[in-house]
Amino acid sequence: MTLRRDFLAANAGKRAPMPGFVLLVHDRKDGDLAIRVGFTVTKKIGNAVVRNRMKRRLRALARELLPEGGIRGADHVLIGRDGGIERDHALLKAEFGKALGKIARGEDSPSRPRGPRKPRR
């Protein structure tokens, strides 16, 4: 996924927060059974080297688990979290499997309430 509108649509879908990442899943309902995936790692995580390393780790997880555990016809977005870069790959893989299972069962976390934003420091 490369288009901003696809990422924004996924933000309105189901979410499964984990310690190393947040998984967002949005059913496209367009008849296409392809599994699409996108990755987001913000500057809060670190410099470009750290962000790219986190994205590589998320891509490896998606490559391993999405073909079997992903939801057909849906967009999957992985958002890297601050502690994700230090976490063990096996632990991230277990968390990703758990997150996919939660979404498949319909046990998603509610979206954050949208209210006035706190000022940045």
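In this chain, residues are counted from 1 in sequence order.
Note that CZ of R56 and CZ of R63 are 11.0 Å apart. Values are rounded to the nearest 0.5 Å. From D82, atom CG reaches atom NZ of K44 across 10.0 Å, with rounding to the nearest 0.5 Å. Here the straight-line distance linking atom CZ of R105 with atom NZ of K14 works out to 11.0 Å at 0.5 Å rounding. A distance of 13.0 Å separates CD1 in I45 from NZ in K43, rounded to the nearest 0.5 Å. Rounding to the nearest 0.5 Å places CG of L78 at 12.5 Å from NZ of K55.
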Stepwise side chain to side chain contact (heavy atoms under 4.5 Å, CB included) test for L65 and K93: CA-CA 8 Å; L65 296 177; K93 186 175 176 180; 3.8 Å; yes

Intermediate values then yes/no, side chain to side chain contact (heavy atoms under 4.5 Å, CB included), V41 and I79: CA-CA 6 Å; V41 182; I79 303 171; over 6 Å; no

So R28 and D30, salt bridge (charged side-chain N to carboxylate O under 4.0 Å, His left out) or not? Walk me through it. CA-CA 5 Å; R28 292 188 310 269; D30 61 358; 3.4 Å; yes

Report the C-alpha distance between L100 and L66 in whole Å, list the side-chain angles of each, state the deciding distance to 0.1 Å, and finish with yes or no for side chain to side chain contact (heavy atoms under 4.5 Å, CB included). CA-CA 9 Å; L100 285 170; L66 275 183; 4.0 Å; yes

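Using a 4.5 Å cut-off between side-chain heavy atoms of Ile, Leu, Val, Met, Phe, Trp and Tyr, with links allowed through other members, F39 and L24 fall into different hydrophobic clusters. Both L58 and V50 belong to a common hydrophobic cluster when Ile, Leu, Val, Met, Phe, Trp and Tyr are linked at side-chain heavy-atom distances under 4.5 angstrom. Note: the hydrophobic cluster containing I85 also contains L92 (ILVMFWY, side chain heavy atoms under 4.5 Å, direct or indirect links).
In terms of heavy atoms, A99 sits closest to F21 at CB-CE1, 4.3 Å. Residues P67 and A62 approach most closely at CD-O, 3.6 Å, considering heavy atoms.
Using a distance-only test at 3.5 Å, with no hydrogens or angles considered, no donor-acceptor pair links the side chain of R72 to the main chain of I35. In terms of modelled atom types and a separation under 3.5 Å, the side chain of R81 and the main chain of M18 share a donor-acceptor contact.
A 4.5 Å side-chain heavy-atom check between R36 and D32 finds every atom pair outside the cut-off. With contacts defined as side-chain heavy-atom distances shorter than 4.5 Å, the pair I71/I103 qualifies. The closest side-chain heavy-atom distance from M1 to V37 is not below 4.5 Å. A 4.5 Å side-chain heavy-atom check between R51 and T42 finds every atom pair outside the cut-off. In this structure, L23 and F96 have side chains that are in contact, with non-hydrogen atoms separated by less than 4.5 Å.
Under 4.0 Å is where a charged nitrogen must lie from a carboxylate oxygen, and between R87 and E95 at least one such pair does.
Within 6.0 Å of CZ on R5 lie no more than 12 heavy atoms contributed by other residues, nucleotides or ligands.
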